[in-house]
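Written out below as structure tokens is the structure these notes cover.
Naming: A, B, ... by sequence-line order, numbering from 1 per chain.
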Protein chains: 2
Amino acid sequence: MGLTIYDIAREAGVSASTVSRVINSRPGIRKSTRERVERILRESNFSVSEAARGLVNQTSRMIGILVSDIRNQHHIEGAYMIEQHFMQKGFCSLILNAGESDESKASYIRILASRRVNAAVLVGSAFQNDSVRRAIEAYMPDTPVIFQNGEFSLPNVSSAVADEVHGTAEAFSYLFDSGRRHIAYMNSNDTPSNRKKLDGYLKAAAEHGMEALVAVSEDSPERSAEATAALIAAHPETDAIIYAIDLLAVSGSRAILDMGLRIPDDIALIGTDNSPFSMLSNPRLSTIDTKLRELSTACSEMLEKAIADPQYNEHVVVTPSLVLRETT
Amino acid sequence: MGLTIYDIAREAGVSASTVSRVINSRPGIRKSTRERVERILRESNFSVSEAARGLVNQTSRMIGILVSDIRNQHHIEGAYMIEQHFMQKGFCSLILNAGESDESKASYIRILASRRVNAAVLVGSAFQNDSVRRAIEAYMPDTPVIFQNGEFSLPNVSSAVADEVHGTAEAFSYLFDSGRRHIAYMNSNDTPSNRKKLDGYLKAAAEHGMEALVAVSEDSPERSAEATAALIAAHPETDAIIYAIDLLAVSGSRAILDMGLRIPDDIALIGTDNSPFSMLSNPRLSTIDTKLRELSTACSEMLEKAIADPQYNEHVVVTPSLVLRETT
DNA sequence: GAGAATTTTGAAATCGATTGCAATTTTTTC
DNA sequence: GAAAAAATTGCAATCGATTTCAAAATTCTC
């Protein structure tokens, strides 16, 4: 089935070395020879085996991108930017859905190591756990790793992280300054990122001398609507809610409207992440912009430097900002 | 840096063949030898080179997934299901963002061919063009290709397609039966899929003896809001709009509300695709469910059969159905 | 405990490219 | 037109695994 350069060589009456040199545009080939080989290459629809090439060149020209859930808009956007950037440079992206558990995430590190990726990108804070850390130390101690929204202090790991503590605290202060006195927090699944957001809320509440009220919802629209309704039923005095995730805020808003309350008059809402649909919602959602684009851009740049220079290593922090729309 | 099986062999005092047999759980190795080799394998964090392995085994154990835009929720969902399914079977997914132009899509076929993927999946109707077709014939004539939402009559290509003509026509009939007499259609970018939807609309309009009114919006919330407002300004008698894409319908609904019209009293809206956020919108969007899940499931199944049997080839059609919510 | 039968193990070829070095061909130079 | 210099080309080794076939070690049989 697959033609090899030997087949091409025979056809062209030259050696495999010559064919290889033509394919890779190496100098020192007579023009007429080059053209003849190129023609045969074209006519026979030859395509080089990247596996064989990778074996001798000791490189796969692949970037491994690990995402805990690619269906998450937030995550895929990060993967997309990196994919786009490196495809142009001739790299392929091995995008893998690394799953829920810590062990499964760690096993994906092994998979990337087996594929000998030139670099790995971890998208999402959920990778910040000990299994993953150990897997990196064991199987990719010398491969550049870029952590989007998390951090390991290993020599081959760089990172770009959002200061989510600050972001949530700022949202709290804004609500407080606009007169809200019963600001609740709707948390989601327990991830390092959500923990930081919660910390920001708790810290801000303490600083303003206010009691904290934290509810939890799974990461689904239905659960959030239920959790929001339950929160308000139990604490009718609530006049503002900060949500750990935009999606939860949007379906929460719907539940609030259905209860006959007004937004933002009775209750103000602030989501987190400035997701694409946060401005499509009705009313349009105010949100904490965690600067996903900046995070991804920073990752692409670091990745590029890290591939060029294995010693390279950097950690950047971006500061979230508040986007005010119709729910505040 | 990278250890090879020869390093392991030396350490264990055996030959590389033995190490290979242990790694691949081949029979005929003395228990004590196997355990010794396994221990060394573990202690040295050895990881096999898939490139070398692929070279001799003539397989990459990779599935290539081509998506025209991975940020599109609709597409990524399809890629996700396939990724999940095959990862368990030890395949990696090379997910590539194949870009806008026909030529760029075709060139990605070449890339997958170079990587010697075991199969390729094309997600989205945009791959249905001649450049891609020729690229498949030239570079992957024997690799199973599964086309999600499109079709080529090539021996190695299978497909799962939604009958979008029918879906849109059904939506039209529903609106007509509920008394609407000025049903407009908001189209989006010119893709094979959107062309079929438009056909369905035109066909249904003709069948009901009604005049067709087609507007076009680029695939962005802002454009759709503008296009919707313009449509209604030019044709105030409009009492229903079918949208080629849910997203456009959602931002369109916002524009309509902003004009002081009521939904569905003054204008009924139906989107297309039953996207995750269509039921989060306010009011909740009625939509034509193009059965994305079924499409993807069918693709996974066909993919599996095609990998097992290169002769395999099938074409399935799924029928969309109407999901009625608050905008009708 | 010798010889046969069976189980384990290893040497060497292979997969499809790339590349250093030597050999060959072509071009220059006088 | 012969020798030197320069430009082309090919041979053979290499990358890191797998696998066939033969050799070596072990177990069985009488």
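- DNA chain C is contacted by both A/Ala51 and B/Tyr6; B/Tyr6 maps to the nucleotide lying nearer its 5′ end (nearest heavy atom per residue).
- For the segment residues 17-25 of chain B, residues with any heavy atom less than 4.0 angstrom from an atom of DNA chain C are, sorted by number, B/Ser17, B/Thr18, B/Arg21.
- A salt bridge is absent between A/Asp130 and A/Arg133; no separation between the charged side-chain nitrogens and carboxylate oxygens falls under 4.0 Å.
- At a cut-off of 3.5 Å, with distance as the only test, a side-chain donor of B/Asn129 or B/Asp102 sits close to an acceptor on the other residue.
- Of the candidate nucleotides C/dG16, D/dA17, C/dG10, C/dG10 has the atom lying nearest to any side-chain atom of B/Ser15.
- A/Arg39 has a carboxylate O that lies under 4.0 Å from a charged side-chain N of A/Glu43, or vice versa, which qualifies the two as a salt bridge.
- For B/Arg53 and B/Glu50, the salt-bridge test passes: some basic side-chain N is under 4.0 Å from an acidic carboxylate O.
- Counting only distance, with no hydrogens or angles, the side chain of A/Asn149 and the backbone of A/Ser125 share no donor-acceptor pair below 3.5 Å.
- Of the possible polar contacts, none joining the A/Ser159 side chain to the A/Glu151 backbone as a donor-acceptor pair under 3.5 Å is found.
- Summarising the geometry, the separation between CZ on B/Arg10 and C1' on C/dG10 is reported as 16 Å, rounded to the nearest angstrom.
- Under a 4.0 Å N-O distance rule, the pair B/Lys89/B/Glu304 qualifies as a salt bridge.
- Remark: B/Ile29, B/Arg30, B/Thr33 in residues 29-48 of chain B come within less than 4.0 Å of DNA chain C through at least one heavy atom.
- Cation-pi geometry between B/Lys305 and B/Tyr312 is not met: the NZ or CZ atom fails to fall both under 6.0 Å from the ring centre and inside 45° of the normal.
- Nearest nucleotide to the side chain of B/Arg26, out of C/dA17, D/dG16, D/dT19: D/dT19.
- A donor-acceptor contact closer than 3.5 angstrom is absent between the side chains of A/Gln148 and A/His75.
- Rounded to whole Å, the distance from CD on A/Glu50 to C1' on C/dA17 is 10 Å.
- The CZ-P distance, from B/Arg53 to C/dA17, rounds to 21 Å in whole Å.
- Of the residues in residues 55-62 of chain A, A/Leu55, A/Val56, A/Asn57 come within less than 4.0 Å of DNA chain C through at least one heavy atom, sorted by number.
- Side chain to side chain, A/Ser47 and B/Arg116 meet the donor-acceptor criterion of an N or O pair below 3.5 Å.
- Using modelled atom types, no side-chain atom of B/Asn57 and backbone atom of B/Thr59 make a donor-acceptor pair closer than 3.5 Å.
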